[in-house]
Amino acid sequence: MQQTIYLAGGCFWGVQGYFDLLKGVLNSQVGYANSKVESPSYQQVCSGATQATEAVEISFDSTLLSLEMLLKRFFSIINPFALNYQGNDIGTQYRSGIYTQDTQMLKEIKGFVENLQKQFSQKIVTEVSLLENFYSAEAYHQKYLAKNPNGYCHIDLSAALKEI
């Protein structure tokens, strides 16, 4: 069954590069989630004025990659305690978040995060909410690390090949 989720975990290049390596991911595109400005540019998002976050729209086959496993994978590559940064990427556009348009999926995501929180004393600050909007990023951002294998990435892409 095909499902769609939107994940924000710092620079969207690395998040997309990581998930594109996973069996069950059907398609992905990078963009800007929950912007207060219609069709924002990268420069506008970086200014903080849009309140958008860099995110990746991921379509996946839930019979090959369950929502639970997808979320485990996501939390293995982000710092869920970091507010408005991931790695060397600093700013509100780099906050971590999980967004969906599906209210049932949202309930499952919230349950997953609540259970995960029980394992930590530090508060998880990853946003979990319904997606308000998603605007595709400029073409040069799409599949950036596939086109630029030596490009900057705060995520260890080889981790996608390991069992968790």
Side-chain angles (χ1 to χ4, degrees), residues 2-22 24-60 62 65 67-103 105-110 112-113 116 124-148 151-157 159-160:
Q2 184 172 330
Q3 294 185 292
T4 302
I5 194 167
Y6 300 80
L7 301 176
C11 174
F12 46 28
W13 298 342
V15 177
Q16 182 179 45
Y18 177 88
F19 279 95
D20 280 353
L21 295 173
L22 297 182
V25 171
L26 305 172
N27 191 30
S28 70
Q29 72 168 320
V30 296
Y32 312 113
N34 295 345
S35 177
K36 301 301 180 200
V37 173
E38 190 173 327
S39 300
S41 69
Y42 178 67
Q43 290 72 22
Q44 287 175 306
V45 171
C46 288
S47 77
T50 67
Q51 298 179 29
T53 185
E54 289 191 14
V56 183
E57 177 187 63
I58 298 172
S59 296
F60 64 102
S62 60
L65 179 63
L67 177 61
E68 180 181 7
M69 182 52 68
L70 186 142
L71 293 172
K72 283 181 182 178
R73 290 279 189 177
F74 177 65
F75 279 100
S76 78
I77 62 169
I78 67 159
N79 176 350
F81 313 113
L83 184 60
N84 299 327
Y85 75 93
Q86 289 291 312
N88 293 326
D89 301 317
I90 300 170
T92 57
Q93 74 273 26
Y94 298 121
R95 67 190 180 274
S96 63
I98 306 167
Y99 313 102
T100 180
Q101 296 174 312
D102 181 318
T103 55
M105 183 187 283
L106 181 64
K107 185 177 176 182
E108 293 173 38
I109 295 166
K110 285 183 175 183
F112 179 91
V113 174
L116 185 62
I124 292 174
V125 295
T126 302
E127 291 182 337
V128 176
S129 70
L130 284 173
L131 182 76
E132 296 171 25
N133 55 57
F134 181 82
Y135 298 101
S136 183
E138 297 81 355
Y140 70 92
H141 288 298
Q142 304 298 333
K143 311 287 185 187
Y144 182 86
L145 292 177
K147 295 183 276 191
N148 301 280
Y152 166 75
C153 182
H154 70 285
I155 294 171
D156 176 10
L157 297 183

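The aromatic rings of Tyr6 and Phe134 sit tilted relative to each other, their planes meeting at an angle between 30° and 60°. Ring planes of Tyr42 and His141: tilted class, angle from 30 to 60°.
Counting only N and O atoms by type, the side chains of Gln29 and Glu57 include a donor and acceptor under 3.5 Å apart.
Shortest non-hydrogen contact noted between Lys147 and Ala139 is NZ-O, 3.1 Å. Between Pro40 and Thr50, the shortest heavy-atom contact is CB-CG2, 3.8 Å. Of all the heavy atoms in Ile78 and Ser96, the pair that sits closest is CD1-CB, 3.9 Å. Of all heavy-atom pairs between Gln93 and Val45, the closest is CB-CG1, 3.6 Å. Contact record, Gly14 with Ile155: C-CD1, 3.6 Å, taken as the closest heavy-atom pair. Considering all non-hydrogen atoms of both residues, Phe60 and Leu65 come closest at CD1-O, 3.2 Å.
To the nearest 0.5 angstrom, Leu7 atom CG is 13.0 Å from Arg73 atom CZ. The OH atom of Tyr135 sits 13.0 Å away from the OG atom of Ser41 when rounded to the nearest 0.5 Å. Distance OG/Ser62 to CG/Leu67: 8.5 Å, rounded to 0.5 Å. In this structure, the separation between CD1 on Ile58 and CG on Asp20 is 8.0 Å, given to the nearest 0.5 Å. From Lys143, atom NZ reaches atom CG of Asn148 across 14.0 Å, with rounding to the nearest 0.5 Å. With rounding to the nearest 0.5 Å, the separation of CE in Met105 from CG in Leu71 is 8.5 Å.
Looking at heavy atoms from C-beta onward, Leu157 lies in side-chain contact with Leu21 at the 4.5 angstrom threshold. The closest side-chain heavy-atom distance from Thr53 to Thr92 is not below 4.5 Å. Under the 4.5 Å side-chain criterion, counting only non-hydrogen atoms from C-beta, Val56 is not in contact with Phe74. Here the side chains of Leu83 and Arg95 are not in contact, with every heavy-atom distance at 4.5 Å or above. A heavy-atom distance below 4.5 Å is not found between the side chains of Tyr144 and Gln16. The side-chain heavy atoms of Pro80 and Leu116, taken from C-beta on, include no pair separated by under 4.5 Å. Looking at heavy atoms from C-beta onward, Leu22 lies out of side-chain contact with Leu70 at the 4.5 angstrom threshold. Thr103 places a side-chain heavy atom less than 4.5 Å from the side chain of Leu130.
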* **Stepwise side-chain contact (heavy atoms from CB on, under 4.5 Å) check, Cys11 with Gln86** => CA-CA 8 Å; Cys11 174; Gln86 289 291 312; over 6 Å; no
* Audit row: Phe12, Ser28, side-chain contact (heavy atoms from CB on, under 4.5 Å) steps and yes/no -> CA-CA 11 Å; Phe12 46 28; Ser28 70; over 6 Å; no
* Asked: Where do Glu132 and Tyr99 land on the side-chain hydrogen bond (donor to acceptor under 3.5 Å, both in side chains) test, with the steps shown first?
  -> CA-CA 9 Å; Glu132 296 171 25; Tyr99 313 102; over 6 Å; no
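Sparse packing is recorded around CD of Glu38, with 12 or fewer heavy atoms of other residues, nucleotides or ligands lying under 6.0 Å away.
Listed by chain and number, the residues in a side chain to side chain donor-acceptor pair (under 3.5 Å) with Asp156 are Ser158 (sequence neighbours excluded).
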